[in-house]
Amino acid sequence: MRLYLALGFALAMTTAASADMGMTFEWGPTAKCFDAKSPPITLSGVPAGTKTLAFNMVDLDAPGFKHGGGTLAFGGQKTLPYGAFSYRGPCPPRPHTYEISVRALDAGGKALATAKARRRFP
């Protein structure tokens, strides 16, 4: 029983930490097709102990297409400029919706929190 209570408490704490982290992005200067530079990103609520940010982008209209993402050292920055990491940018035949996710990782690679944001392109 104690194990279940401990697991429930740990899950609640993880969920609460994840709920506090946020992310938004704008396409900004993103070029029309396969721009290798990431769009400008704004972060909020990144948990203490975060050492690395791991990003991934998915085209929700073509989820099988691999856009990849990037990993950055985190030093407390709230904004990431255009081109902060390299990935395979959007190039849809018509407007598509893209989701960028970020995981805040500690020094051991454990996920402390996650956040996602969606935006249509172009």
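If you're wondering where the values come from, they're calculated on a predicted model, not measured in any experiment.
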Has the side chain of [X] got a donor or acceptor atom that lies under 3.5 Å from a matching backbone atom of [Y]?
| X | Y | value |
| --- | --- | --- |
| S86 | K37 | no |
| H67 | R88 | yes |
| D35 | G89 | no |
| D106 | K110 | yes |
| W27 | P40 | no |

Next item on the list: With L72 as reference, evaluate V102, T52, L80 under the side-chain contact (heavy atoms from CB on, under 4.5 Å) test and give the passing residue.
Entry: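 So the option named by the test is L80.
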Heavy-atom closest pair, residues [X] and [Y]:
| X | Y | value |
| --- | --- | --- |
| P63 | V58 | CA-CG1, 4.3 Å |
| T50 | A104 | OG1-CB, 3.5 Å |
| G68 | N56 | O-OD1, 3.1 Å |

Determine whether [X] and [Y] make a side-chain contact, defined as any pair of heavy atoms from C-beta on separated by less than 4.5 Å.
| X | Y | answer |
| --- | --- | --- |
| F65 | P90 | no |
| P47 | M21 | yes |
| Y82 | T30 | yes |
| L105 | K51 | no |
| L43 | K78 | no |
| F121 | P92 | yes |
| S101 | M23 | no |
| K32 | C91 | no |

Item checked: Donor + acceptor pair across side chains of R103, T114 (<3.5 Å) ->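 Distance-only check fails for R103 and T114.
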Item checked: Gap between atom CE of M57 and atom CZ of R118 - 0.5 Å precision ->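 So the CZ of R118 and the CE of M57 are separated by 13.5 Å.
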Checklist line | Value rounded to 0.5 Å, distance of CD1 in I41 from CG in L53 | finding: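 If we round to the nearest 0.5 Å, I41:CD1 and L53:CG are 9.0 Å apart.
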Note to self: Salt bridge check, E99 against R119: does any charged N sit closer than 4.0 Å to a carboxylate O?
What the structure shows: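 No salt bridge links R119 with E99.
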Check: Do the two ring centres, one from F85 and one from F55, sit under 6.0 Å apart?
Finding: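 F85 vs F55: aromatic centres under 6.0 Å.
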Checklist line | Chi angles and distances behind the side chain to side chain contact (heavy atoms under 4.5 Å, CB included) call for Y98, L60 | finding: CA-CA 6 Å; Y98 294 86; L60 298 176; over 6 Å; no
